[in-house]
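Only heavy atoms go into these numbers, but all of them, side chains included; no hydrogens, no water, no symmetry mates. Starting from 1, each residue takes its place in the sequence as its number.
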Amino acid sequence: MSTPVDDPLSRERSHLSASRSALRAMREDVKTLDITDVTANWVNAEVLARQIEERIKALADLSDTPLFFGRLDYLHAPGAEQAEGADGERFYIGRRHVHDHDGDPMVIDWRAPVSQPFYRASKKDPMDVALRRRFGYTRGDITAYEDEHLSDPAAVTLSGSAGGARTSKLLQQEIERPRVGPMRDIVATIQPEQDEIVRSGLSGTVCVQGGPGTGKTAVGLHRVAYLLYAHRERLARTGTLVIGPNRSFLHYIEQVLPALGELTVRQATVDDLVAHVEIKGTDDATAAVVKGDARLARVLRRALYSHVTMPTEPVVVVRGSRRWRIPAYELEELVRELLDRDIRYGAAREALPQRIAHAVLVQMERSGEAPDDRVQDAVARNSAVKAAVKAVWPAVDPAKLVLRLLSDAEFLAVHAEGILDEDEQKAILRAKPARSVKSATWSAADAVLIDEATDLIQRTHSLGHVVLDEAQDLSPMQYRAVGRRCTTGSATVLGDLAQGTTPWATRGWQEALTHLGKPEALVEELTAGFRVPTDVITYASRLLPHIAPGLTPVVSIRENPGHFEVRPVAGPKDVVEACRELLRHEGSTGLIAADTRVPELAEALTEAGIPYLGPGEETTVDTRLTLVPASLAKGLEYDYVVLDEPQAVVDAEPDERTGLRRLYVTLTRAVSGLTVTHTAPLPTQLAA
């Protein structure tokens with residue numbers, strides 16, 4: 001039976017088909033651009049060619065990704081600042097802008113001002129929207145729609161679908177849609193409180209405290225996409241950066257921004273940012289905590305500036321037959337003036353020869369000569385001046401400075417006096433001092449210290465905006481390292497105090513933001529849970545009084561309570577069977593276990609003939625089971641999770657509170673269902 005011409009679903013499918021054709025035409029137009037006679041030289045040609053290539057990639061039509069997910073019918077034309085539109089105009093809201101051959105919009109970018117009511121309009125405040133329509137998709141094809149008549153208080157929401165159903169909970173379905181492969185965008189499901197954070201201005205730093213499943217990571221990534229839309233030219237100059245806790249996490253989120261057409265955002269870990277030396281070693285918890293303490297910045301500063309010594313001899317500059325003498329007391333005045341200015345060590349060292357040269361020029365002028373800038377530069381390069389600078393303000397290698405502090409007990413004691421006590425100094429001293437920077441075994445905390453010393457010598461380049469995810473696990477010194485990358489820009493800080501699993505985990509956001517250099521940042525809290533089912537988050541929340549007293553528990557808005565089971569087992573074969581059961585469902589499955597138990601479970605899976613991947617290896621097809629060490633589970637999500645041996649997860653950490661926080665993380669990775677398997681008794685904190 002054919003579909004009637006006036007069938008709304010048929011019309012929407014026609015618009016989708018026309019929009020896809022228009023997008024293909026836009027892409028072809030870019031492909032056929034001839035830049036032969038446009039550029040002045042090969043450098044400009046390379047830059048323009050790269051920009052065109054990125055534009056072609058950004059215009060790619062992903063067949064399984066809806067080109068638009070909503071529609072707004074306005075009562076009147078949008079405001080003057082939104083010049084598009086006339087009375088009763090209709091806008092399709094999607095992931096990117098699409099226009100026809102005449103330049104008229106067929107799909108409006110979700111970040112455009114005219115799209116904002118799609119996320120914020122309500123019957124209480126319709127924002128001049130008569131109708132908001134949401135679309136349901138199956139493999140890229142429209143299969144359903146849902147209407148909200150916002151400006152008519154008497155109207156009810158009606159839905160339509162290919163099967164003729166009268167009710168369609170498309171928003172709920174999209175939230176609960178199975179996860180396969182990397183993280184996807186949430187542009188179709190952004191909630192009003194999330195949208196406020198996403199669209200907050202570039203000038204302000206925002207800190208988002210959000211429990212598991214509240215969408216904080218997605219909010220941070222979508223904020224980057226919004227800022228690139230609203231401030232593209234500025235951020236193109238200054239740059240953007242997304243910082244994650246590890247490579248597995250970055251791999252998991254790496255497709256979100258490209259799916260929104262943003263291809264230029266760099267992603268890195270903190271270790272990547274401070275990679276001045278090769279990391280081969282680790283610190284015990286005590287040493288790592290001390291090295292991560294912000295007080296080390298003061299110790300490093302003292303140690304660095306101890307290299308500056310006051311001159312005791314004059315500088316004599318010979319030019320031709322004349323000798324110009326700068327006495328020691330005058331040199332000392334120049335050195336003290338630079339110290340008082342509190343500029344970078346390296347910048348002051350570069351300024352000192354020019355200051356000495358200027359003092360020589362003053363004497364020349366007093367004697368009747370008329371030297372110019374070229375003479376001053378020549379004097380600054382004079383061997384006597386260079387020798388004086390080398391003696392008074394020597395060059396310092398940051399890695400050598402840190403190595404000496406960690407190897408020379410006397411040097412450390414002098415510069416840590418009144419800052420670190422004796423036990424703290426002993427904790428960070430190397431048992432076997434290295435002979436050189438190359439032969440030293442560096443830890444991740446050491447690299448952060450070197451980065452701090454490097455910045456004391458030469459200013460670190462600042463970006464326009466930085467997103468810092470899983471921030472609760474950073475040490476104060478790591479916060480400082482990130483803060484150096486956005487001193488002239490802003491940041492989005494994302495985290496959950498209850499999920500801090502490092503010995504130096506963040507105790508409060510205000511303290512962390514102060515270390516970041518953004519004490520004025522706005523702290524927002526997300527408490528509505530979109531990802532974790534009700535029964536799962538309720539069970540996990542039993543741990544909150546023990547790991548984060550006073551923190552607001554997440555309240556799941558999921559209508560489906562989700563599968564939840566606590567199952568005693570006899571051994572690994574029973575754990576494998578639990579995985580096999582969950583793999584019968586659509587979507588991804590994660591088997592999460594204490595790191596030490598992973599090899600045994602891997603062997604059991606292999607014997608059972610069940611293929612599996614490691615974190616960061618997931619794809620959208622074939623293998624749907626991931627074997628996840630508990631230490632790498634943070635930030636990841638799977639449709640179904642089997643959590644093996646909770647007490648082993650707790651026992652793997654240096655103390656019970658950290659272990660319970662790690663357990664909280666692992667309990668909250670499931671989107672649709674969780675099976676907890678255990679041979680040993682469960683932690684008492686999980687008791688009803």
Side-chain angles (χ1 to χ4, degrees), residues 179 183 208-218 244-250 252-253 269 469-474 494-507 526-527 529-533 536-548 551-554 556 562 564 588-598 614-616 626-671 673-678 682-683 685-686:
R179 268 81 169 153
M183 181 181 179
V208 182
Q209 158 63 41
T214 55
K216 57 184 178 296
T217 296
N246 52 57
R247 282 280 146 204
S248 297
F249 178 85
L250 292 178
Y252 177 64
I253 68 171
T269 64
D469 207 349
E470 300 296 348
Q472 73 279 346
D473 279 332
L474 267 60
L494 312 165
D496 179 13
L497 297 177
Q499 296 187 59
T501 52
T502 55
W504 49 84
T506 302
R507 293 171 295 184
L526 297 176
T527 57
F530 304 96
R531 175 172 57 78
V532 186
V536 175
I537 195 63
T538 300
Y539 184 70
S541 294
R542 294 179 181 181
L543 299 175
L544 282 180
H546 308 282
I547 61 177
L551 205 61
T552 305
V554 172
S556 177
F564 175 67
S588 59
T589 297
L591 170 54
I592 305 177
D595 294 30
T596 55
R597 291 184 55 79
V598 167
T626 305
L627 178 55
V628 187
S631 63
L632 295 181
K634 193 170 297 180
L636 306 181
E637 61 181 33
Y638 302 93
D639 286 290
Y640 294 91
V641 167
V642 175
L643 174 59
D644 169 70
E645 215 61 77
Q647 188 61 54
V649 174
V650 176
D651 292 342
E653 300 298 329
D655 60 81
E656 185 181 59
R657 187 175 186 183
T658 303
L660 291 173
R661 286 183 169 185
R662 182 76 70 188
L663 178 59
Y664 181 72
V665 171
T666 59
L667 283 168
T668 55
R669 300 303 96 200
V671 174
L674 170 68
T675 299
V676 178
T677 60
H678 68 101
L682 294 171
Q685 293 83 356
L686 286 178

Report the distance from atom CG of Asp651 to atom OG1 of Thr596, rounding to the nearest 0.5 Å. 9.0 Å

Find the distance between OG1 (Thr217) and CG (Asp469) and round it off to the nearest 0.5 Å. 3.5 Å

Which atoms form the tightest heavy-atom contact between Ala630 and Arg662, and what is the distance? O-CD, 3.5 Å

Please name all residues satisfying side chain to side chain contact (heavy atoms under 4.5 Å, CB included) with Asp496, sequence neighbours left out, ordered by chain then number. Gln209, Pro212, Lys216, Ala498, Gln499, Leu551, Tyr664

Would you please name every residue forming a salt bridge (charged side-chain N to carboxylate O under 4.0 Å, His left out) with Glu470, sequence neighbours left out? none

Test side chain to side chain donor-acceptor pair (under 3.5 Å) applied to Thr502 - qualifying residues, sequence neighbours left out: Trp504

For Glu653 and Thr658, which heavy atoms make the closest approach, and how far apart are they? OE1-CG2, 3.7 Å

Of all residues at least two apart in sequence or in a different chain, which pass the side chain to side chain donor-acceptor pair (under 3.5 Å) check with Thr214? none

So, do Phe564 and Thr538 sit near enough that their side-chain heavy atoms are less than 4.5 Å apart? no

In short, Pro683 meets Val650 closest at the heavy-atom pair CG-CG2, 4.1 Å

What one should report as the nearest heavy-atom pair of Val554 and Gly211 is CG2-CA, 3.5 Å

So, taking the atom named OG1 in Thr666 and the one named CZ in Arg661, what distance separates them when rounded to the nearest 0.5 Å? 14.5 Å

At their closest point, which heavy atom of Thr626 faces which heavy atom of Gly614, and how far apart are they? CG2-C, 3.7 Å

Are Arg247 and Leu250 packed together at the side-chain level, in the sense that at least one heavy-atom pair is separated by less than 4.5 angstrom? yes

Would you say Ser556's side chain and Val532's backbone share a donor-acceptor pair under 3.5 angstrom? yes

CG/Leu526 to OG1/Thr552 distance, rounded to the nearest 0.5 angstrom? 11.5 Å

Report the residues that fulfil side chain to side chain contact (heavy atoms under 4.5 Å, CB included) with Pro629, sequence neighbours left out, ordered by chain and then residue number. Asp595, Val598, Pro615, Ser631, Leu632

Under the salt bridge (charged side-chain N to carboxylate O under 4.0 Å, His left out) test, residues paired with Arg669 that sit two or more places apart: none

Residue set satisfying side chain to side chain donor-acceptor pair (under 3.5 Å) with Thr675, at least two apart, ordered chain then number -> His563

Contacts of His678 that satisfy side chain to side chain contact (heavy atoms under 4.5 Å, CB included) - sequence neighbours left out: Val566, Pro568, Glu645, Pro646, Leu682

Here the pair of heavy atoms bringing Leu497 nearest to Arg507 is CD1-O, 4.2 Å

For the CG atom of Leu663 and the CD1 atom of Ile547, what is their distance to the nearest 0.5 Å? 8.5 Å

Report the distance from atom CG of Leu591 to atom CG of Leu627, rounding to the nearest 0.5 Å. 5.0 Å

Of all residues at least two apart in sequence or in a different chain, which pass the salt bridge (charged side-chain N to carboxylate O under 4.0 Å, His left out) check with Arg657? none

By side chain to side chain donor-acceptor pair (under 3.5 Å), Lys634 pairs with (sequence neighbours left out) Asp473, Thr501

Could you work out, with side chain to side chain contact (heavy atoms under 4.5 Å, CB included) as the rule, every residue matching Ala652, not counting sequence neighbours? none

Pairwise side-chain contact, Glu656 with Gln685, heavy-atom cut-off 4.5 Å (strictly under): yes

When Leu667 is tested against each of Val641, Ile537, Leu686 for side-chain contact (heavy atoms from CB on, under 4.5 Å), which residue passes? Leu686

